[in-house]
Amino acid sequence: VGGSVGGLLLGIIQLVVGLSLAAFSITKGLQRLSKLLGGIDIWAEIKSRNVAVALLAGGVVISYTRVISGGIDAMTRSLLTLGTGGVLNGVIGLVAGVINLVVAIAVASFAITVVFRVMDKLTVSIDEKAEFKGGNPAIGVIYCGILIGVSSLVSAGVTGIGSGVSLFLGALVAGVVTTILIEAIHKKSRVKQDAAIGIAFTSLFAVGVILISLYASKVDLDQECVLY
């Protein structure tokens with residue numbers, strides 16, 4: 001029952017976060033697009049049946065949501081870890097997920113801006129803003145396709161940031177704990193600091209062996225590779 005309730009709560013949290021970020025993606029994406037097009041009123045253009053601007057707006061929103069979805073996915077996996085794994089691992093994963101989400105939001109805006117800047121350089125003979133304002137559907141299609149394609153690549157890169165951040169935070173916590181343990185042994189006993197380092201590392205090594213025996217005994221794991 002507890003697991004079912006926990007899964008339901010995680011699902012509700014994911015839904016709320018997803019809906020909130022969907023609204024954010026639409027608003028922020030269209031604001032960024034309007035700025036890049038020199039202050040064009042996006043909704044006014046869509047109301048006047050400007051197909052080019054409508055296609056471009058759709059591409060921008062899809063790009064935003066694709067990139068930010070990587071951050072949501074990382075947060076969801078972190079929340080699942082918090083509910084099923086250890087508290088420390090869950091907290092580390094949650095912090096990594098939040099960082100990943102913040103990075104995804106920042107990268108989404110940056111990626112769209114970069115696409116416009118690069119296309120300006122590649123299409124010197126074309127005034128994109130005038131073409132969009134004139135309702136040229138061809139340029140709307142090509143920009144929409146480029147934005148969606150770039151967002152797929154960026155999303156894959158952003159998703160990998162979460163795992164890297166998790167590893168970094170885990171190593172940071174382990175380093176801090178090791179330092180505290182060494183200082184505690186050195187100050188609470190008569191042993192020298194180098195001896196305290198040896199005691200701490202030997203003890204943590206033994207803990208690692210025990211953890212692998214308890215929690216990874218059924219996993220096809222090369223213990224020599226992990227321990228040494």
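Source: prediction; values computed, not measured.
- Taking the side chain to side chain donor-acceptor pair (under 3.5 Å) definition, one finds that S203 meets it with nothing, sequence neighbours left out.
- Sorted by first and then second residue, the salt bridge (Lys or Arg N to Asp or Glu O under 4.0 Å) pairs involving residues 35-55 (not counting sequence neighbours) are E45-K133.
- Contact record, V53 with F132: CG2-O, 3.5 Å, taken as the closest heavy-atom pair.
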Side-chain atoms of residues 135-148: list all donor-acceptor pairs with protein atoms under 3.5 Å, sequence neighbours left out, distances to 0.1 Å.
residue: N136; atom: OD1; partner: A138; partner atom: N; Å: 3.0
residue: N136; atom: ND2; partner: E131; partner atom: OE1; Å: 2.9

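- Qualifying side chain to side chain donor-acceptor pair (under 3.5 Å) partners for E183, counting only residues two or more places apart in sequence or in other chains: Q193.
- Hydrophobic clustering (ILVMFWY, side-chain heavy atoms < 4.5 Å, transitive): V51 and I126 are in distinct clusters.
- The hydrophobic cluster containing F116 also contains V61, counting ILVMFWY residues as joined when their side-chain heavy atoms lie under 4.5 angstrom apart, directly or transitively.
- Residues satisfying the side chain to side chain contact (heavy atoms under 4.5 Å, CB included) test with V124, not counting sequence neighbours, are none.
- In this structure, S34 contributes its side chain and L30 its backbone to no donor-acceptor pair below 3.5 Å.
- Hydrophobic clustering, with ILVMFWY side chains joined whenever heavy atoms are under 4.5 angstrom apart, groups V60 together with I40.
- For the side chain to side chain contact (heavy atoms under 4.5 Å, CB included) test, residues two or more places apart in sequence or in another chain that qualify with F24 are K28, I68, I105.
- For S109, the side chain to side chain donor-acceptor pair (under 3.5 Å) test picks out Y64, with sequence neighbours left out.
- Taking the side chain to side chain contact (heavy atoms under 4.5 Å, CB included) definition, one finds that V177 meets it with V173, sequence neighbours left out.
- With sequence neighbours left out, T178 forms a side chain to side chain contact (heavy atoms under 4.5 Å, CB included) with I182, F201, L204.
- Pairs passing the ring-ring contact (aromatic ring centres under 6.0 Å, His included) check and including a residue from residues 28-60, sequence neighbours excluded, do not occur.
- Residues I62 and F110 fall into different hydrophobic clusters, defined by Ile, Leu, Val, Met, Phe, Trp and Tyr side chains chained together at heavy-atom separations under 4.5 Å.
- From I26, atom CD1 reaches atom OG1 of T65 across 8.5 Å, with rounding to the nearest 0.5 Å.
- Pairs passing the side chain to side chain donor-acceptor pair (under 3.5 Å) check and including a residue from residues 112-124, sequence neighbours excluded, read T123-E128.
- Legend: salt bridge (Lys or Arg N to Asp or Glu O under 4.0 Å) pairs involving residues 95-112, not counting sequence neighbours: none detected.
- Atom-to-atom distance recorded for I42:CD1 and Q31:CD is 11.0 Å, nearest 0.5 angstrom.
- Note: K192 NZ to I197 CD1 = 13.0 Å, rounded to the nearest 0.5 Å.
- A single hydrophobic cluster is seen to contain both L37 and V115, as judged by linkage of ILVMFWY side chains at heavy-atom distances under 4.5 Å, directly or through other members.
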